[in-house]
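What follows is a set of notes on a single structure, which appears directly below.
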Amino acid sequence: MGNQTREVRAQMDGRFEAEFAPLTSPGPVRLEARGPSGIVVAQDVAVGDLFLCSGQSNMELEVRNAQDAAAQIRASTDDQLRLMLIPRAVADEPLRDFPQPPSWRRAGPDSVADFSAVCFYMARELRKTAKVPIGAISSSWGGSRISPWMGAKAQEAVGEGDQSALVSLHGRNPVAAERAASVEWEKWWRKESGEVPGKEPWQPGSDIIWQAVPQIGAWEDWGVAALADFNGMVWYRREIDLTAAQASAKAILSLGLLDDVGRVWINGKPVGMSARSWQPSHFEVPPGVLKQGRNVLIVNILDNYAKGGLSGPADVMKLSLGQAGEVSMGDGWRYAKATRSPPGAPRVPWGDTTGLGTLYNGMIAPLGKIRLKGVAWYQGESDVDLPGYGNRMQAMMADWRRQFGTPDLPFVAVQLAAYGDPMTQPGESGWAAMRQVQYQAMAQDPHAGLASAIDLGDPFDIHPGEKQEVGRRLAQAMRAVAYGEDMSRTGPQAARAIATTDGGATIEFAGLTGGLHARSAAQPIGFELCGRATDACRFVTGKIEGARVILSGDGQPALRVRYAWAGSPVVNLYDEAALPVGSFELPIMPMH
């Protein structure tokens, strides 16, 4: 590497590691690997700081789909900024190599357009102060929860070791894993529905009244009033007549798209569950399930949003029986709207966006021990209202630090942007609660930071286009935690609330740059005093005094104080670094 040489012995599988002394020049340098089988050379290796960007769709969103795309792409050329885009991949076990090998590309119009906007703008901003080349790796998947990004050790840390082991089993023996997952689903159904064993909807002899399916496709398009805007469960049934040879053949059942998620039984015995609504389903039918004569196929489909159902298309739906031929499954279906659609249906843990460790295995583990300067994380939308996010975030950070060999590896998370109906009166908000959990998870880690995006969102679009400022704020927090610069790593955050003599509260803030200021108004807005009950919150006015906000009492009990407690609140409280105060809820402490 450059003028350094190392001689190492490869393992039996051809893998090897060679460590070099740090380089004092940013490059480019020549990197050459020479062995008995030949030579591999990289001529243009830059040496600098490397950042990993990961999360869901707001991290994945490309520069070409963000604001001011054309101008930013035209001006994106920078030989000292290198980009790597990791292709989507799902795996049941940690992969050693990427299924589709990624490559480094210089920043420029050809590479930037399809790269993460948030990641690119953060890296571009850091180039101004780091004074070394910057490498940015984007590894994200839209709609993903945090759990697929957590490796096995992280899953064990949050009590999901059994489910993580089930994912590993799926990699070795899919039929056994499907059977175990089906047992869990059936137990859940009996508990939630109170069905008598043997009479469940998936049994051939259940008491369900079936109606003919008008057409393969979303049930919202059938013209059936009860299903026109229905989100919930619908059961499907189809009978199959098989010869003895067909019943004994190795069988693959293809049902096309099951939107959102489908579970399949044949003759009352579990076959499997679709893990990915965007991908056509294929199920290996376990031996002994099919029989000569009449067979009854039952499918349960749960749709949580938009259109759903047995979406096909019809021409791909079939039962493949090897040399015994195939049976078309594109017609002959009957359906019944579920009388019960209990919430919380278990899903198989080897899914993509809702699985356990599946994206870590396919998109993070293959990075190996590559040394990172920091990690930028933009995710949380898919975990709103799911308990335990803070613990999962901490476990994931610890696991990634273990992999990358850096116990103090900096992480900076983006706090959720505004989204949802604008607030007109106090109420509960899972979106606001997630913002507070994100802050708490990062604040208690001395090597973590937070970039607020509460004022950069769009009430009507979960993917706001303003990504340049998100990138700038990420870079600012990264300068604090990764480079040790003297600036706030979280931005302004409420530290505590203390009761006042008039029944109000004084809120003290931390992470401030300078003092607090109200934009476009004489006073900050969005504050609430709350009693004990969930509906005991009311708006109150605030007064800024330096690094404090004082709320006047209103003659009603005040035990808690909230701010910006909504999915899409109006906020106007900033510090002198032009960073906004995010959503928070605090108990009011008594006066000393």
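Atom CE of Met363 is separated from atom OG of Ser140 by 6.5 Å, given to the nearest 0.5 angstrom. Note that CD of Glu156 is 6.5 Å distant from NZ of Lys153, once rounded to the nearest 0.5 Å. To the nearest 0.5 angstrom, Glu60 atom CD is 8.5 Å from Leu85 atom CG. Put simply, CD1 on Ile137 and CG on Leu52 are 6.0 Å apart, with the number rounded to the nearest 0.5 Å. In this structure, Arg548 CZ and Leu516 CG are separated by 11.0 Å, a value rounded to the nearest 0.5 Å. Remark: Trp141 CH2 to Thr358 OG1 distance equals 8.0 Å, nearest 0.5 Å.
The closest donor-acceptor contact from the side chain of Asp259 to the backbone of Gly308 lies at 3.5 Å or more, if one exists at all. Here the side chain of Ser382 pairs no donor or acceptor atom with the backbone of Arg145 at under 3.5 angstrom. The backbone N or O of Asp92 sits less than 3.5 Å from a side-chain atom of Asn361, completing a donor-acceptor pair. No donor-acceptor pair under 3.5 Å is formed between the side chain of Glu125 and the backbone N or O of Gly471. Under the 3.5 Å distance criterion, the side-chain polar atoms of Arg401 are matched with a main-chain donor or acceptor of Leu409. Remark: the backbone N or O of Glu381 is paired with a side-chain donor or acceptor of Gln56 at under 3.5 angstrom. Listed for the Ser76 side chain is a donor-acceptor partner under 3.5 Å among the backbone atoms of Ile73. Within the 3.5 Å criterion, the main-chain N or O of Gly355 finds a donor-acceptor partner in the side chain of Ser147. Formation of a donor-acceptor pair under 3.5 Å by the Ser583 side chain with backbone atoms of Ala564 is found in this model. Between the side chain of Tyr236 and the main chain of Leu310, a donor-acceptor pair closer than 3.5 Å is present.
Between Lys467 and Asn58, the closest side-chain pair of non-hydrogen atoms falls below 4.5 Å. Contact of the Cys119 side chain with the Phe51 side chain is not registered, since no non-hydrogen atoms from C-beta on lie closer than 4.5 Å. Counting heavy atoms from C-beta on, the side chains of Val412 and Met122 never come closer than 4.5 Å. Side-chain contact check for Leu474 versus Val414: some heavy-atom pair is nearer than 4.5 Å. Here the side chains of Phe411 and Asp445 are not in contact, with every heavy-atom distance at 4.5 Å or above. Using a 4.5 Å heavy-atom cutoff, the side chains of Asp455 and Tyr574 are in contact. In this structure, Trp565 and Cys537 have side chains that are not in contact, with every pair of non-hydrogen atoms separated by 4.5 Å or more. Val571 is not listed as a side-chain neighbour of Val581, based on a closest heavy-atom distance of 4.5 Å or more.
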Yes or no on side chain to side chain contact (heavy atoms under 4.5 Å, CB included) for Ile588 and Ile498, after CA distance, side-chain angles and deciding distance?
CA-CA 5 Å; Ile588 298 176; Ile498 303 172; over 6 Å; no
Apply side chain to side chain contact (heavy atoms under 4.5 Å, CB included) to Leu529 and Gln556, showing your working.
CA-CA 9 Å; Leu529 289 176; Gln556 300 183 54; over 6 Å; no
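Among pairs with a residue in residues 216-232, those fulfilling side-chain hydrogen bond (donor to acceptor under 3.5 Å, both in side chains) read Asp221-Lys307, at least two apart in sequence or across chains.
Between Glu585 and Arg560 there is a salt bridge, with a side-chain nitrogen of the basic residue lying less than 4.0 Å from a carboxylate oxygen of the acidic one. A salt bridge is defined here as a Lys NZ or Arg NE, NH1 or NH2 lying under 4.0 Å from an Asp or Glu carboxylate O, and Glu469 with Arg472 meets this definition. Look at Arg562 and Glu428 and you find a salt bridge, because one of the NZ, NE, NH1 or NH2 atoms lies within 4.0 Å of a carboxylate O, short of that distance. The existence of a salt bridge linking Arg392 and Asp383 is confirmed by a sub-4.0 Å separation between a basic side-chain nitrogen and an acidic carboxylate oxygen.
Applying the 6.0 Å contact sphere to CG of Asp502 captures more than 12 heavy atoms from other residues, nucleotides or ligands. Atom CD of Gln425 sits in a sparse spot, with 12 or fewer heavy atoms from other residues, nucleotides or ligands closer than 6.0 Å.
Shown here for Gly380 and Gln438, the closest heavy-atom pair between the two residues is CA-NE2, 4.4 Å. Taking all atoms of both residues into account, the shortest heavy-atom contact from Ala536 to Arg538 is O-NH1, 3.1 Å. Scanning all heavy atoms of the two residues, the minimum distance from Trp185 to Ala345 falls at NE1-CB, 4.1 Å. Between Pro524 and Val549, the shortest heavy-atom distance links the atoms CG-CG1, 4.3 Å.
Partner of Gln415 under the side-chain contact (heavy atoms from CB on, under 4.5 Å) criterion, out of Arg473, Arg435, Met442, Met434: Arg435 alone.
Ring planes of Trp189 and Trp235: perpendicular class, angle over 60° (limits at 30 and 60°).
Taking the six-membered ring wherever Trp is involved, the centroid distance between the rings of Tyr419 and Trp431 falls below 6.0 Å. Residues Tyr563 and Phe527 bring their aromatic ring centres within 6.0 Å.
At a cut-off of 3.5 Å, with distance as the only test, no side-chain donor of Gln523 or Thr541 sits close to an acceptor on the other residue.
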